[in-house]
Amino acid sequence: LSAPSVTFDTQATETTISGETTFNNLSCATASKTIKFTQGTNQTVNGTLTLTGGSGAGEKITLVSTVNTQKWDITFPNGTQAVSYVDVRDSDANTNIVSCYNSDDTGNNNANWVFSTIAITSPTVGKTIGTTPVVRGTAGAGDTVLIKDKDNTTVLTTTADANGNF
């Protein structure tokens with residue numbers, strides 16, 4: 001099955017993807033959403049994978065197999081993704097690494113799923129110091145970090161060092 005861009009935006013808490021599907025783009029920004037994948041299948045995302053769950057308790061997007069401990073695969077030929085606040089179990093990511101920020105690895109995933117926490121440690125949340133504040137934080141080693149203003153405009157781009165500091 002081939003699908004164009006697919007967005008899971010309904011409030012229904014659970015969706016099951018049956019069989020193997022090739023998506024142009026796949027996205028979900030619905031907090032507390034569970035997406036189940038048929039065990040033994042591969043999902044391909046040729047464009048961009050965008051998954052952004054919520055930061056509160058129980059608000060992460062859950063990605064799991066339809067059968068506990070049985071694997072499902074996801075392939076990214078182009079590797080474009082933005083993944084945060086997800087909970088992943090029983091998955092092999094093929095072709096490229098999936099960097100998951102502020103997310104949970106609940107087991108049985110391959111090494112291509114990389115779970116990192118990104119946090120700004122200075123200045124204090126909601127406080128800036130002068131017109132050009134120094135921003136410090138942590139991310140995954142070598143990750144590109146974009147700092148955006150309240151209007152979602154990128155105001156700084158930097159790269160985390162080998163220890164994840166920026």
Side-chain angles (χ1 to χ4, degrees), residues 1 3-19 21-39 41-76 78-93 96-110 112-121 124-127 135 137-140 143-156 160 164 166:
L1 180 63
S5 296
V6 174
T7 301
F8 294 106
D9 59 2
T10 65
Q11 292 303 318
T13 57
E14 188 173 294
T15 297
T16 300
I17 297 176
S18 300
T21 304
T22 299
F23 300 94
N24 181 31
N25 298 302
L26 179 62
S27 65
C28 180
T30 304
S32 306
K33 183 80 170 175
T34 296
I35 303 173
K36 291 187 172 184
F37 301 90
T38 303
Q39 81 279 1
T41 63
N42 181 62
Q43 311 307 315
T44 301
V45 181
N46 286 324
T48 301
L49 173 69
T50 306
L51 300 171
T52 309
S55 61
E59 292 185 344
K60 290 183 174 139
I61 295 169
T62 302
L63 308 174
V64 296
S65 173
T66 53
V67 178
N68 195 28
T69 74
Q70 300 297 306
K71 296 272 196 164
W72 61 277
D73 290 8
I74 190 161
T75 301
F76 305 96
N78 299 311
T80 306
Q81 63 199 255
V83 180
S84 61
Y85 298 105
V86 297
D87 180 339
V88 184
R89 185 176 68 235
D90 300 325
S91 180
D92 284 346
N96 287 298
I97 289 174
V98 182
S99 297
C100 305
Y101 294 99
N102 303 316
S103 297
D104 294 330
D105 176 357
T106 49
N108 201 25
N109 300 307
N110 73 352
N112 284 347
W113 286 97
V114 177
F115 296 85
S116 301
T117 298
I118 188 165
I120 294 177
T121 56
T124 306
V125 174
K127 306 280 184 187
V135 177
T138 58
D143 285 347
T144 299
V145 178
L146 304 176
I147 305 294
K148 297 184 177 191
D149 67 12
K150 65 179 178 58
D151 298 320
N152 205 33
T153 302
T154 300
V155 294
L156 171 72
F166 64 87

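Fair warning: this is a prediction, and the values are worked out from it, not measured in the lab.
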- To the nearest 0.5 Å, atom CG of L51 lies from atom OG of S84 at 8.5 Å
- Query: Could you walk me through whether V88 and S103 pass the side chain to side chain contact (heavy atoms under 4.5 Å, CB included) check?
  - Reply: CA-CA 8 Å; V88 184; S103 297; over 6 Å; no
Listing, residues 54-69 side-chain donor-acceptor contacts under 3.5 Å, not counting sequence neighbours, or none:
| residue | atom | partner | partner atom | Å |
| --- | --- | --- | --- | --- |
| E59 | OE1 | G56 | N | 2.9 |
| K60 | NZ | D104 | OD1 | 3.3 |
| K60 | NZ | D104 | OD2 | 3.0 |
| S65 | OG | V67 | N | 3.1 |
| S65 | OG | V67 | O | 3.1 |
| S65 | OG | Q70 | O | 2.7 |
| T66 | OG1 | Q39 | N | 3.3 |
| T66 | OG1 | Q39 | OE1 | 2.7 |
| N68 | OD1 | R89 | NE | 3.2 |

- Message: Working to the nearest 0.5 angstrom, can you tell me the gap between N42 CG and W72 CH2?
- Response: 9.5 Å
- Message: Are I35 and I17 packed together at the side-chain level, in the sense that at least one heavy-atom pair is separated by less than 4.5 angstrom?
- Response: yes
- Message: For the OG1 atom of T48 and the CD atom of Q81, what is their distance to the nearest 0.5 Å?
- Response: 9.5 Å
- Message: Please check: side-chain N/O of T16 versus main-chain N/O of T38, any donor-acceptor pairing under 3.5 Å?
- Response: no
- side chain to side chain contact (heavy atoms under 4.5 Å, CB included) between I74 and W113: does it pass, once the steps are laid out? CA-CA 10 Å; I74 190 161; W113 286 97; 3.7 Å; yes
- With distance as the sole test, does D105 use its side chain to make a donor-acceptor pair with the main-chain N or O of F115 at under 3.5 Å? no
- Item | Value rounded to 0.5 Å, distance of OG in S18 from CZ in F37 | 11.0 Å
- Query: Does V83 reach the side chain of L49, with side-chain heavy atoms less than 4.5 Å apart?
  - Reply: yes
- Please name the pair of heavy atoms, one in S91 and one in K71, separated by the smallest distance, quoted to 0.1 Å. O-NZ, 3.9 Å
- Query: When rounded to the nearest 0.5 angstrom, what distance separates OG in S5 from CG in N24?
  - Reply: 4.5 Å
- Message: Could you go through N25 and T50, starting from their C-alpha distance and side-chain angles, then the distance that decides it, and tell me whether this counts as side chain to side chain contact (heavy atoms under 4.5 Å, CB included)?
- Response: CA-CA 8 Å; N25 298 302; T50 306; over 6 Å; no
- Report the C-alpha distance between T75 and T44 in whole Å, list the side-chain angles of each, state the deciding distance to 0.1 Å, and finish with yes or no for side chain to side chain donor-acceptor pair (under 3.5 Å). CA-CA 5 Å; T75 301; T44 301; 4.5 Å; no
- Task: Spell out, as yes or no, whether a donor-acceptor pair under 3.5 Å connects the side chain of N102 to the backbone of T117.
- Result: no
- Rounded to the nearest 0.5 Å, what's the gap from OG1 on T41 to CG on D73? Could you check? 7.5 Å
- Determine the minimum heavy-atom distance between A160 and F166, stating which atoms define it. CA-CB, 4.2 Å
- Task: State, to 0.1 Å, how close D92 and N110 come at their nearest heavy-atom pair, and which atoms those are.
- Result: OD1-CB, 3.2 Å
- Task: Could you list the residues that satisfy side-chain contact (heavy atoms from CB on, under 4.5 Å) with N96, not counting sequence neighbours?
- Result: F76
